[in-house]
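Below: one structure, written as structure tokens.
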Amino acid sequence: MTFNEYQNKSRETAIYPNAGDNFIYPTLGLAGEAGEISEKIKKVLRDSDGVVTDETKELLKKELGDVLWYVAQLASEFGFELDDVAQHNIDKLFSRKERGVLKGSGDTR
């Protein structure tokens with residue numbers, strides 16, 4: 001499945017107020033889901049001495065899927081295609097790599 005295929009298919013499940021003209025809802029959802037991932041990792045540190053179990057990996061996979069859903073909806077709200085967003089990001093990262101500015105804050109961030 002390509003990013004665009006995922007985006008188009010997931011858009012069929014985008015049921016939220018003013019979908020198609022509401023970038024706030026998916027932005028807040030994305031922040032919430034990223035927070036859920038952080039909470040699960042925090043509990044790995046607190047409860048499992050940093051050891052990630054298979055059960056936790058499965059939970060993280062589900063949360064990452066939720067993050068992806070919100071990224072796809074946010075991209076749709078702005079009229080971006082996920083394939084283009086992904087390609088732009090790879091181009092940016094490899095440009096930084098070639099210029100030796102992957103680390104630190106030596107590039108536009």
Side-chain angles (χ1 to χ4, degrees):
M1 174 178 286
T2 68
F3 283 117
N4 282 354
E5 288 170 341
Y6 175 85
Q7 182 178 13
N8 292 332
K9 192 72 171 168
S10 71
R11 195 67 179 160
E12 296 176 26
T13 67
I15 301 171
Y16 54 86
N18 302 313
D21 189 32
N22 181 354
F23 61 87
I24 295 171
Y25 183 89
T27 299
L28 295 174
L30 177 58
E33 294 299 336
E36 288 186 35
I37 290 171
S38 298
E39 282 293 313
K40 285 180 177 28
I41 297 298
K42 177 193 77 177
K43 289 176 182 176
V44 165
L45 294 176
R46 182 191 68 197
D47 301 337
S48 303
D49 294 322
V51 176
V52 181
T53 65
D54 289 340
E55 179 183 355
T56 300
K57 284 182 184 179
E58 284 302 310
L59 293 172
L60 288 167
K61 183 192 290 187
K62 289 178 183 179
E63 296 302 339
L64 287 169
D66 292 342
V67 165
L68 181 59
W69 188 90
Y70 280 108
V71 168
Q73 304 327 305
L74 189 55
S76 293
E77 292 292 341
F78 287 118
F80 302 144
E81 291 186 340
L82 275 185
D83 282 340
D84 291 338
V85 172
Q87 187 63 57
H88 183 269
N89 184 255
I90 287 296
D91 292 346
K92 176 188 74 175
L93 292 171
F94 275 85
S95 171
R96 287 179 178 171
K97 181 181 178 187
E98 290 168 6
R99 293 178 288 122
V101 293
L102 270 176
K103 298 190 294 186
S105 57
D107 199 16
T108 306
R109 301 195 186 222

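The model shown is predicted, which means the values in this text are computed figures rather than measured ones. Numbers here are sequence positions counted from 1.
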Which donor-acceptor pairs under 3.5 Å do side chains of residues 38-46 form with protein atoms, sequence neighbours excluded?
unit_1 : atom_1 : unit_2 : atom_2 : d
Ser38  : OG     : Ala34  : O      : 3.2
Glu39  : OE1    : Lys42  : NZ     : 2.8

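- In this structure, a donor-acceptor pair under 3.5 Å is absent between the side chains of Ser10 and Thr13.
- A distance of 6.0 Å separates CD1 of Ile37 from CD of Glu63, quoted to the nearest 0.5 Å.
- Here CG of Leu59 is found 7.5 Å from OG1 of Thr53. Values are rounded to the nearest 0.5 Å.
- There is a path of hydrophobic side-chain contacts, each under 4.5 Å, that joins Ile24 to Trp69.
- Checked by atom type and distance alone, the side chain of Arg99 pairs as donor or acceptor with a backbone atom of Ser95 at under 3.5 Å.
- Counting all heavy atoms, side chain and backbone alike, Pro26 lies closest to Glu77 at CG-CG, 4.0 Å.
- Residue Val52 comes nearest to Leu60 through the heavy atom pair CG1-CD1, 4.5 Å, listed as atom of the first residue, atom of the second, then distance.
- For the atom pair CG of Asn4 and CG of Asp83, the computed distance is 3.5 Å after rounding to the nearest 0.5 Å.
- The line from NE2 of His88 to NZ of Lys92 is 7.5 Å long, rounded to the nearest 0.5 Å.
- Tyr6 and Leu30 fall within the same hydrophobic cluster, where Ile, Leu, Val, Met, Phe, Trp and Tyr residues are linked whenever their side-chain heavy atoms come under 4.5 Å apart, directly or through other members.
- In the hydrophobic clustering of this structure, Leu68 groups with Leu28; members are Ile, Leu, Val, Met, Phe, Trp, Tyr whose side-chain heavy atoms approach within less than 4.5 Å, directly or through other members.
- Judged as a side chain to side chain donor-acceptor pair (under 3.5 Å), and not counting sequence neighbours, the contacts of Gln7 are Ser76.
- For Asn22 against Pro17, the heavy-atom pair with the smallest separation is ND2-O, 2.6 Å.
- Looking at residues two or more places apart in sequence or on another chain, you find a ring pair (Phe, Tyr, Trp, His ring centres under 6.0 Å) between Phe23 and Phe78.
- Connection of Met1 to Val71 is established within a shared hydrophobic cluster, with ILVMFWY side chains joined at heavy-atom distances below 4.5 Å, either directly or through further cluster members.
- With a 6.0 Å radius and a threshold of 12 heavy atoms from other residues, nucleotides or ligands, Phe3 has its CZ atom at or below the threshold.
- In this structure Tyr25 satisfies the ring pair (Phe, Tyr, Trp, His ring centres under 6.0 Å) test together with Tyr16, sequence neighbours excluded.
- Qualifying side chain to side chain donor-acceptor pair (under 3.5 Å) partners for Lys61, counting only residues two or more places apart in sequence or in other chains: none.
- Rounded to the nearest 0.5 Å, atoms CG (Leu82) and CG (Asn89) are 11.5 Å apart.
- Listed for the Gln73 side chain is no donor-acceptor partner under 3.5 Å among the backbone atoms of Ala14.
- Residues that satisfy the side chain to side chain donor-acceptor pair (under 3.5 Å) test with Asp66, not counting sequence neighbours, are absent from this structure.
- Between the CG atom of Leu93 and the CD atom of Glu98 there is a distance of 11.0 Å, given to the nearest 0.5 Å.
- Checking Gln87 against Asp91 by side-chain atom types alone, a donor-acceptor pair falls below 3.5 Å.
- Contact detail for Glu33 and Val67: the closest heavy-atom pair is CB-CG2, 3.7 Å.
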